[in-house]
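Shown next, in structure tokens, is the structure this report addresses.
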Amino acid sequence: MKEQILKEFKQQFGDGGDIRCYFAPGRVNMIGEHTDYNGGHVFPCALTIGTYAAARKRKDRLLRFYSMNFEKLGVLNSSLDELKPDDAAGWTNYPKGVMWAFEEKGMNIPNGMDILLFGNIPNGSGLSSSASVEVVTGAILRDLFGFDVSNQDLALIGQFSENKFNGVNCGIMDQFAIAMGKAGHAIFLDTANLSFEYAPISLDGAKIVISCSNKKRGLGDSKYNERRSECETALAELKEKLSINSLGELTEEEFEANKNLIKDETRIRRARHAVTENQRTIQAVAALKANDLALFGKLMNASHVSLRDDYEVTGIELDTLVEEAWKIDGVIGSRMTGAGFGGCTVSIVKDEAVDTFIRQVGEAYEKKIGYKADFYVVEIGNGPEKL
Ligand code: GLA
């Protein structure tokens, strides 16, 4: 891959100078969905697919961007003196947002750059292609200009840029999973205080299969912000009586005993998801540690049901993928992953059932939805690296 991106870089921007190459992964969340902005736990892992980058410092303050995924857009020009969100700038708002965030944090970027990206994560699929671009941009800036930032800082800067520059109030899960990834492990992260633990994922005789719905997300970001504010309102209502800082602090029993403080039926369901999903995530990691993969799978299935019925972020496409998966012998668990409203599902599938899974789920999906889904058998990879 390095040779390919170097060749393309030279073709777009010309040869010469110190051209450096980098990689940051995508991520998949195994369980713990829509808990990260509710002070709950998440359990994501980095993937071996992600975003490749080639970058070179310039002598002036110009920024030139090229994405091999959006060839038709050609080279897009900007400048360090123009770091503001711009609808016409498309994908470059992500790297520009990270540059803006570095400067906001007091790290002034002295030179412009030529930057080429190539991603082998399906775009907008719910595998965090945008967080991957954010983290790879942070890795470029750290290496080219010698900024003293840790991988965890790269995650926080990425989230800050997404919240403040790109206007999506995402939690920390995606950037953290990507910046802190470790091959063969998922990250059990407590988003209330960022304490975390690596848990080995040894799926003896099974694989992680991602099914991509190919549904364009469209309204997803605004719905995401809407869910987030529903949870914030529910928390404020509970706080009238309870002294808690987040929904993640509640057990199911505490929630049930106090849910009537929430003055709206929909908000009760939203908050119930946040509470039960956090508890499921804690139980799922315990099950994994006890080698009880069957229980882990059941909790994944229950997570999907809660996201479908209480949180209402699935939709017919994700529901079809998951319900078809559940019908297949050898499927240990299956659920939507990421923000929802389109995007992907994650399933744990026994080796011998993988081909049947892809064929049967694929055929049923196309028949019902009218277009194809894509399937990826993925491996758990490391965080960002210089190639
Ligand atoms: C998106 C956000 C994350 C998280 C998930 C839902 O991926 O970026 O912070 O909230 O949705 O779990």
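Every value quoted in this text rests on a predicted model; they were computed, and no experiment measured them. Residues: numbered from 1 along the sequence shown. Indexing begins at 1, ligand by ligand and atom by atom, following the structure's order.
The side-chain tip of K223 does not point at the ring of F341 from less than 6.0 angstrom away and within 45° of straight on.
Those atoms of ligand 1 that come under 4.0 Å of a heavy atom in M173, given as number and element, are 4 (C), 5 (C), 12 (O). Listed by number with element, the atoms of ligand 1 under 4.0 angstrom from any heavy atom of R27 are 7 (O). The contact set between ligand 1 and C170, taken as ligand atoms under 4.0 Å from a residue heavy atom, comprises 2 (C), 8 (O), 9 (O). Near Y37, the atoms of ligand 1 lying under 4.0 angstrom from a non-hydrogen atom of the residue are 10 (O). Heavy-atom proximity to Y224, at under 4.0 Å, picks out these atoms of ligand 1: 1 (C), 2 (C), 3 (C), 4 (C), 9 (O), 10 (O), 11 (O). Contact atoms of ligand 1 toward G171: 9 (O) (distance under 4.0 Å to a heavy atom of the residue). Under a 4.0 Å criterion applied to the non-hydrogen atoms of G338, ligand 1 contributes the atoms 6 (C), 11 (O).
Side chains of L154 and T137 form no contact here, defined as non-hydrogen atoms less than 4.5 Å apart. Contact annotation: the side chain of M300 never approaches that of S334 to less than 4.5 Å [non-hydrogen atoms, C-beta and beyond]. When side chains are defined from C-beta on, F70 counts as touching W91, because their heavy atoms get closer than 4.5 Å.
Using a distance-only test at 3.5 Å, with no hydrogens or angles considered, no donor-acceptor pair links the side chain of S128 to the main chain of R27. Checking side-chain atoms of T35 against main-chain N and O of H41 turns up a donor-acceptor pair under 3.5 Å. No side-chain donor-acceptor contact under 3.5 Å links R142 to the backbone of D148.
For the ligand labelled ligand 1, residue E277 lies outside the 4.0 Å heavy-atom shell.
Close N/O approach between D174 and ligand 1 is found [any backbone or side-chain N/O within under 3.5 Å]. The shortest N/O to N/O separation between T35 and ligand 1 does not fall below 3.5 Å.
Here the shortest heavy-atom distance to atom 12 (O) of ligand 1, taken over R228, E33, Q159, belongs to E33.
Relative orientation of the Y371 and Y365 rings is perpendicular, given thresholds of 30° and 60° on the angle between their planes.
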